[in-house]
Amino acid sequence: MDTQKEALQRIVTTLANKNDEIQNFIDTLRHRLRGVQANSTKVLSDLDDEFDSLYSFLDEMKESMSNTIKQEQARKTQELQNQLTQCTNALESSEELLEFASQSLSIKEPEEFTKAARQIKDRVTMAAAFRLSLKPKVSDNMTHLMVDFSQERKIVQALKFLPVPKAPEIDPADCIVADNCVTVAWRMTEEDSKIDHYVLEYRKTNYDGLPRVKDERCWELIDHIKDTEYTLSGLRFDSKYMNFRVRACNKAVAGEYSDPVTLETKALMFSFDNTSSHLNLKVEESVVEWDPTGGKSQENKVKGKENKGSGTPSPKRTSVTSRPATVRGSRDRFTGESYTVLGDTAIESGQHYWEVKAQKDCKSYSVGITHKTIGKFDQLGKTNTSWCLYVNNWLQTTFAAKHNNKAKALEMTVPDRIGIYCDFDGGQLAFYNADTKQLLYSFKTKFTQPIIPGFMVWCGGITLYTGLQVPSAVRTLQKSENGMSGSSSSLTSAVQ
């Protein structure tokens, strides 16, 4: 019966997953149909605009060339008209002189004839008809303004849609996910010398497989990539996966997107567990601070009473929200001098990494791990089920590794930021300088129960950084050191 139930449950799970996959594909098809309609309307509108622009340009060219012809016509007309007027006037004057000369031929008196002949000679010498050029100043030829658009007509007839680059291919095997960076590599399926650049889009998701149309996050874009790979660095891996797609662009148009790929970007994500903290700690998701008032000031504000004797948080700490009084009553996980807060996620397997940075004025803090069974009065490192790195800046600096109420002093400078590496299956807990990846100390043990990140803070505050992969440098050091360097046999344990 149980075997049949398990088999049926597997069938139900398979069917549910398949239905989910089909529904996602249906959403994709509907989204694609809407895209076809919207994009068709857009390209039709763009086509109309381009032709309208072309018509307008041709009309402007026609107007300009027509004006050139009209100006040439007006110039030649004016030149010929002026020449015609001059010739007409000269002809009238010459005809008058010809008539006067003809009449003078009939004069009988020698003296009058001589006088008339002299006048005719003088008038002929000064006559405009003899100074005129009888050659037209301009030609009636207008062939220099003729046009032949046969080549342009061929160009217009050759108009066609722009060549669109093919979709690139992303090969997941060529992509690298390491050190909270993702390198995406792609290639073109066909050689295309016209490609100018690429556009890469990505988004975070918690779904494996094909990207979903109805995803909770939008695509983010990186433009003008000249190479066929790109590295996204400084990412916080706060989702299980990331989707990637890329498209090629020439000078005029962008091509189709590549088939999207999904890469795993899994890392340990946790926050401070507000309900587990000591009453003298103010906690938000990634920041915890010492509160000497123990929440009383906030509680009195809730009650509407003025508490003149209560301390006022410094300006540096005003960004941390105090918890309501309703939460305060349930926070009895730690008390006394165990100023402790736990993480909200238990570790039961795998290799994980997170970092902690203390405020400059923090007097004392500890970072490490513990079993869930740690007592309400217990302090990190003082039990056989907790391991930590302890920093004390009160009066004199103390830097030590602590476990089972034993401490190993560390003769090195306390780093600004501490990296914590935990290999549950390998029984390894190591602390690093988060900036240089120098090994500070490591514990070798055997974890037989789930463990929880633990933190102690007194007179100051710390900030937690999660969503980090195990750095490559740490992995390399762990392989070479094999959990031995920096360890002390007196602090090595096997907890049952």
Side-chain angles (χ1 to χ4, degrees), residues 25 28-77 138-171 174 184-202 210-211 213 218-230 243-261:
F25 184 63
T28 301
L29 291 176
R30 288 173 176 166
H31 180 75
R32 192 66 59 88
L33 281 170
R34 290 194 295 270
V36 167
Q37 297 298 323
N39 292 333
S40 298
T41 301
K42 182 181 183 303
V43 295
L44 283 172
S45 176
D46 291 344
L47 183 66
D48 287 339
D49 290 342
E50 286 296 325
F51 270 98
D52 288 343
S53 176
L54 184 59
Y55 297 151
S56 176
F57 176 75
L58 289 174
D59 286 339
E60 290 176 3
M61 287 295 297
K62 179 182 178 182
E63 182 69 22
S64 175
M65 297 177 78
S66 297
N67 288 337
T68 300
I69 294 173
K70 291 176 181 178
Q71 289 171 5
E72 183 70 356
Q73 177 189 8
R75 184 186 71 82
K76 288 191 172 187
T77 299
V138 294
S139 168
D140 61 352
N141 189 357
M142 298 289 282
T143 56
H144 64 291
L145 294 177
M146 293 183 66
V147 295
D148 179 8
F149 290 148
S150 57
Q151 292 298 324
E152 289 77 3
R153 191 175 293 107
K154 289 180 180 179
I155 294 175
V156 172
Q157 290 172 346
L159 287 178
K160 57 184 179 180
F161 296 108
L162 288 170
V164 180
K166 300 290 185 182
E169 277 187 359
I170 301 176
D171 187 353
D174 295 332
V184 184
W186 57 89
R187 60 177 175 270
M188 296 301 297
T189 56
E190 296 179 7
E191 187 69 25
D192 189 345
S193 60
K194 301 294 185 181
I195 291 176
D196 179 68
H197 65 276
Y198 298 91
V199 176
L200 176 67
E201 293 189 2
Y202 68 94
L210 293 173
V213 175
C218 297
W219 290 97
E220 297 187 54
L221 181 145
I222 300 172
D223 204 350
H224 302 294
I225 301 172
K226 295 295 184 179
D227 206 352
T228 54
E229 70 173 34
Y230 189 85
N243 302 142
F244 295 90
R245 64 184 185 184
V246 66
R247 67 199 305 191
C249 306
N250 55 32
K251 290 290 187 180
V253 66
E256 291 289 332
Y257 283 107
S258 65
D259 290 335
V261 299

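Everything numeric here is computed off the predicted structure, so don't read it as measured data. Quick note: numbers below take in every heavy atom, side chains included, and nothing from hydrogens, waters or symmetry partners.
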Trainee: As a quick check of understanding, evaluate side chain to side chain contact (heavy atoms under 4.5 Å, CB included) for Val138 and Arg75, giving each step before the final call.
Mentor: CA-CA 9 Å; Val138 294; Arg75 184 186 71 82; 4.0 Å; yes

Trainee: Looking at CD1 of Ile222 and OH of Tyr230, how far apart are the two atoms once the value is rounded to the nearest 0.5 Å?
Mentor: 4.0 Å

Trainee: Starting at CZ of Arg245, measure out to CD of Glu201 and round the result to the nearest 0.5 Å.
Mentor: 4.5 Å

Trainee: Side chain to side chain donor-acceptor pair (under 3.5 Å): which pairs involve residues 141-150, sequence neighbours left out?
Mentor: Glu72-His144, Asn141-Thr143, Asp148-Ser150

Trainee: With rounding to the nearest 0.5 Å, note down the distance linking CD in Glu63 to OG1 in Thr68.
Mentor: 10.0 Å

Trainee: Applying salt bridge (Lys or Arg N to Asp or Glu O under 4.0 Å), can you list everything that pairs with Arg247, at least two apart in sequence or on another chain?
Mentor: none

Trainee: Return the set of residues passing ring pair (Phe, Tyr, Trp, His ring centres under 6.0 Å) with Tyr198 (not counting sequence neighbours), or none when no residue passes.
Mentor: Trp186

Trainee: About how many Å separate OG of Ser66 and CE of Met61, when rounded to the nearest 0.5 Å?
Mentor: 10.5 Å

Trainee: How far does CG of Leu33 sit from NE2 of His31, to the nearest 0.5 angstrom?
Mentor: 10.5 Å

Trainee: Check the pair Met142 / Met146 against side chain to side chain contact (heavy atoms under 4.5 Å, CB included), numbers first and verdict last.
Mentor: CA-CA 7 Å; Met142 298 289 282; Met146 293 183 66; over 6 Å; no

Trainee: State, to 0.1 Å, how close Pro168 and Val246 come at their nearest heavy-atom pair, and which atoms those are.
Mentor: CD-O, 3.7 Å

Trainee: Other residues, nucleotides and ligands only: do more than 12 of their heavy atoms fall within 6.0 Å of CG on Asp174?
Mentor: yes

Trainee: Report the residues that fulfil salt bridge (Lys or Arg N to Asp or Glu O under 4.0 Å) with Glu256, sequence neighbours left out, ordered by chain and then residue number.
Mentor: none

Trainee: Before you tell me yes or no, could you show the steps for Glu169 and Ser258 under side chain to side chain contact (heavy atoms under 4.5 Å, CB included), namely the whole-Å CA-CA distance, both residues' side-chain angles and the distance that decides it to 0.1 Å?
Mentor: CA-CA 6 Å; Glu169 277 187 359; Ser258 65; over 6 Å; no

Trainee: Evaluate the side-chain proximity of Lys166 to Asp192: yes if any heavy-atom separation is below 4.5 Å, no if none is.
Mentor: no

Trainee: Specify the closest pair of heavy atoms between Val164 and Val253, including all atoms of both residues, with the distance to one decimal.
Mentor: CA-CG1, 4.2 Å

Trainee: According to the salt bridge (Lys or Arg N to Asp or Glu O under 4.0 Å) rule, which pairs have a member within residues 220-230, sequence neighbours left out?
Mentor: Asp196-Lys226

Trainee: Grab the two heavy atoms, one from Pro165 and one from Ala254, that are nearest each other, plus how far apart they are.
Mentor: CD-C, 4.4 Å

Trainee: Determine all donor-acceptor pairs shorter than 3.5 Å in which one atom belongs to a side chain in residues 41-55; sequence neighbours excluded.
Mentor:
residue: Thr41; atom: OG1; partner: Gln37; partner atom: O; Å: 2.9
residue: Lys42; atom: NZ; partner: Asp46; partner atom: OD2; Å: 3.0

Trainee: About how many Å separate OH of Tyr257 and CH2 of Trp219, when rounded to the nearest 0.5 Å?
Mentor: 8.5 Å

